[in-house]
Amino acid sequence: MTKKIKSKRFLILPTLMLIVASILIAFGSSLFTTSRPSDLRQLDTGWSVLRGDNVYENVTLSEFELEDTQKGEEITITKNIIPVAIASPAIMFKSSLTAVEVHVDGKKAYEYGKDDIEKGIFFPKKYHMVNVDDGTRSHEVSIIFTVSDRHSMKKFFPIYYGTKHELVQSFLQYHRLPLFIGGFFHIYSCLLLCLGVFLLFYKRVEMPIFFSSAISALMEVYIFAYNDIFCLISDDDNFFSVMEYMSLYFIPLAISILLYSTHPEIANVRQRILVVLNAVIPVFIWLLHLANIVHLEVFIIPLQAAAILEIAMILPALIVGVRKQHRKKVESETYTGIDADQYLLLGFINLILFGLLEIGKYNFTEFNENLAKANTFENVNFFNLGLLFFIICIFIYYFLNGIDHMNADRVKKQLEGLAFTDNLTGLMNRGKCMQYAATLRGSYAVVSIDLDRLKYVNDTFGHLEGDRMIKTFAMYLEKDFEEASLIGRTGGDEFIVFFKNPGADVCDRCIRSLEDDMEEFNKGKEKFTLSASAGYAYSYEAKTGDFDDVFYLADTRMYQMKEKHHA
């Protein structure tokens with residue numbers, strides 16, 4: 001296969017991934033988002049913000065920046081909601097790392113976590129849905145945010161007003177892409193787990209499959225938690241907020257274990273160090289969180305920096321190692337033209353690139369306020385797409401790796417067949433017979449057979465007729481000794497047959513069957529007749545049970561029969 005053809009074939013997957021990525025990005029963007037129902041509104045403008053002694057009027061929440069927030073600081077936002085002709089409206093908004101108190105028309109309507117601020121506990125992100133009694137009249141709504149830790153509140157999340165049905169429908173529409181990707185990971189993780197358990201029943205331990213299932217499960221949890229899906233459907237906000245961080249922190253561990261399990265020979269020491277670090281660091285963070293010393297969210301930026309260092313540490317070595325393995329593979333006799341490792345490497349690089357793209361998108365929206373307003377892909381998480389394509393590449397890796405192993409085994413058997421097969425008869429040659437004999441243990445039988453009058457046929461009718469005689473005899477051997485473990489030709493007119501765990505009369509029965517077939521053949525009008533001398537011995541007949549002793553006994557008996565034939 002030429003390099004040009006190989007390069008074209010390898011470009012197929014990146015091209016398909018680019019097409020799929022474009023479709024998914026468009027699917028998750030605002031291009032296919034339908035307009036909100038007329039009764040559903042985002043309450044973004046016209047707010048009054050009270051922060052300390054400062055009051056800000058007519059504020060647009062999405063543009064208001066919160067800088068240097070302090071633990072225990074209260075920030076109050078107030079707005080008059082105009083009447084809407086809907087029954088039982090509600091206000092829905094999200095908070096993260098803050099306590100919340102909502103007042104409607106001067107009366108407390110809702111409270112969350114207010115009493116826990118002084119305890120210094122971890123505040124999960126949470127979706128709040130506050131009922132408003134009558135939508136046909138205006139209401140003054142005040143929301144008081146109490147900051148749980150320094151710098152923990154940096155912006156206001158969108159606040160929506162409408163019926164509960166419309167609010168949930170709008171949420172699901174906005175999060176359709178993470179719902180799709182998370183659902184894919186869930187199904188894929190279950191399939192891999194079932195496959196791994198299935199292989200265990202057949203005593204084939206494929207640990208990389210279990211690691212891939214774990215990666216997929218971690219990605220599923222992270223995507224559903226990060227995109228607030230668990231927050232909306234569950235009351236256990238603390239558990240799923242913690243799971244968001246811990247699943248993110250354990251993803252590098254799962255990936256590093258997967259890479260080590262598939263390529264332990266590449267940068268072995270370096271990979272082991274990364275596995276240990278990626279295992280110890282999340283556990284250490286978890287213990288600090290449980291002890292209420294430092295909470296999980298503090299480590300996001302340090303761990304992102306650590307991930308970049310890990311990538312710089314392992315990626316070059318991985319690329320060089322995979323290329324070396326590929327060159328060795330191409331030079332081997334069992335190379336089948338399939339390069340599964342390249343797809344695993346492609347998935348890893350793809351994950352890195354999409355992660356960097358997500359960082360770039362974050363900076364794009366963070367530092368360019370005007371451009372952020374027109375960001376069509378605001379609700380597209382590129383890191384989620386990177387995770388998706390990484391897991392797809394893992395699937396392709398396993399698929400192609402399985403095919404490669406099967407093809408390599410087939411080629412190896414073919415090469416072994418060429419090396420150990422007698423060209424004339426198709427039986428095993430002397431080398432294979434001796435190799436097989438060295439493995440014999442326990443109960444077995446050996447039959448030594450010598451084809452009679454071969455030299456006479458060669459001298460009288462020529463070697464072509466002698467070859468035909470050998471092939472005919474070999475055909476009857478295969479037919480009559482079909483119960484044998486191995487049949488071989490060890491010399492010009494010498495043959496050997498092995499039986500493993502033989503029956504008491506198997507040798508006699510097969511030899512009689514061979515004699516009957518030769519007698520039937522000799523009734524025909526051929527230039528030569530078939531006859532053979534055979535002797536056999538069972539392993540229990542030799543004191544040592546060694547093949548040499550058993551074969552010597554069988555060969556001695558064969559020569560005794562041969563003398564009778566020549567008498």
Side-chain angles (χ1 to χ4, degrees), residues 122 185 189 192-193 196 200 205-223 225-226 241-325 340-341 343-356 359 383 386-387 390-391 393-394 397-398 401:
F122 173 71
F185 282 140
S189 175
L192 284 179
L193 180 62
L200 278 179
V205 181
E206 297 286 347
M207 293 309 296
I209 292 180
F210 288 104
F211 295 140
S212 299
S213 177
I215 291 174
S216 193
L218 285 171
M219 291 174 177
E220 171 203 349
V221 171
Y222 171 70
I223 288 172
Y226 176 79
S241 291
V242 170
M243 287 300 293
E244 175 188 342
Y245 290 104
M246 294 309 298
S247 59
L248 178 63
Y249 295 162
F250 273 111
I251 284 176
L253 172 64
I255 292 176
S256 58
I257 291 176
L258 175 65
L259 292 176
Y260 181 73
S261 64
T262 54
H263 298 86
E265 68 287 345
I266 297 177
N268 183 279
V269 176
R270 212 177 301 178
Q271 288 204 69
R272 287 185 178 184
I273 292 172
L274 291 182
V275 169
V276 172
L277 286 176
N278 288 329
V280 171
I281 291 174
V283 174
F284 180 68
I285 293 173
W286 172 244
L287 292 175
L288 290 176
H289 177 80
L290 287 180
N292 211 28
I293 298 172
V294 183
H295 293 152
L296 294 169
E297 74 278 0
V298 175
F299 297 94
I300 288 289
I301 294 177
L303 287 182
Q304 285 177 346
I308 293 173
L309 290 176
E310 286 187 12
I311 291 167
M313 183 178 175
I314 196 63
L315 184 59
L318 193 62
I319 293 173
V320 172
V322 169
R323 291 188 66 181
K324 284 183 179 178
Q325 285 185 341
D341 289 338
Y343 290 95
L344 181 63
L345 185 60
L346 175 66
F348 187 53
I349 294 174
N350 190 72
L351 178 61
I352 295 169
L353 292 177
F354 272 89
L356 294 174
I359 293 173
F383 183 61
L387 294 174
F390 176 69
I391 214 72
C393 285
I394 291 177
Y397 166 77
Y398 284 132
N401 201 43

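Numbering starts at 1 and runs along the sequence shown. Atoms considered below: every heavy atom in the structure, side chains included; atoms not considered: hydrogens, waters and symmetry mates.
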Open item on the list: Quick one: does any side-chain atom of S189 pair with a main-chain N or O of S216 as donor and acceptor, under 3.5 Å?
Closed with: no
- [ ] Hey, could you give me the OH/CE distance between Y226 and M219, rounded to the nearest 0.5 Å?
- [x] 15.5 Å
Open item on the list: If you apply the rule side chain to side chain contact (heavy atoms under 4.5 Å, CB included), what do you find for L218 with L248, and how did you get there?
Closed with: CA-CA 7 Å; L218 285 171; L248 178 63; over 6 Å; no
TODO: Nearest 0.5 Å please: distance from the CG atom of L274 over to the OG atom of S256.
DONE: 6.5 Å
- [ ] Could you tell me how the ring of Y249 sits relative to the ring of Y245: parallel (under 30°), tilted (30 to 60°) or perpendicular (over 60°)?
- [x] tilted
- [ ] Taking all heavy atoms of P282 and all of M246, pick out the closest pair and write down the distance.
- [x] O-CE, 3.6 Å
- [ ] Compare all side-chain heavy atoms of L315 with those of E310 and state whether any distance is below 4.5 angstrom.
- [x] no
Task: For P316 against A312, the heavy-atom pair lying closest together - done: CD-O, 3.3 Å
Task: Atom pair CG (L288) and NE2 (H295), whose distance is rounded to the nearest 0.5 Å - done: 10.5 Å
Open item on the list: Please report the interatomic distance CZ(F185) to CG(L192), rounded to the nearest 0.5 Å.
Closed with: 11.5 Å
TODO: With rounding to the nearest 0.5 Å, note down the distance linking CD1 in I257 to OG1 in T262.
DONE: 11.5 Å
Open item on the list: Does I314 form a side chain to side chain contact (heavy atoms under 4.5 Å, CB included) with I266? I'd like the steps, not just the answer.
Closed with: CA-CA 9 Å; I314 196 63; I266 297 177; 6.0 Å; no
Open item on the list: Between F211 and I255, does the side chain to side chain contact (heavy atoms under 4.5 Å, CB included) criterion hold? Intermediate values first, please.
Closed with: CA-CA 8 Å; F211 295 140; I255 292 176; over 6 Å; no
- [ ] Rounded to the nearest 0.5 Å, what's the gap from CD1 on I215 to CG on L253? Could you check?
- [x] 9.0 Å
Task: For Q271 against H263, the heavy-atom pair lying closest together - done: NE2-O, 2.8 Å
Task: V221 vs F250 side-chain heavy atoms within contact, under 4.5 Å - done: no
Task: Working for side chain to side chain contact (heavy atoms under 4.5 Å, CB included), residues H289 and V294 - done: CA-CA 6 Å; H289 177 80; V294 183; over 6 Å; no
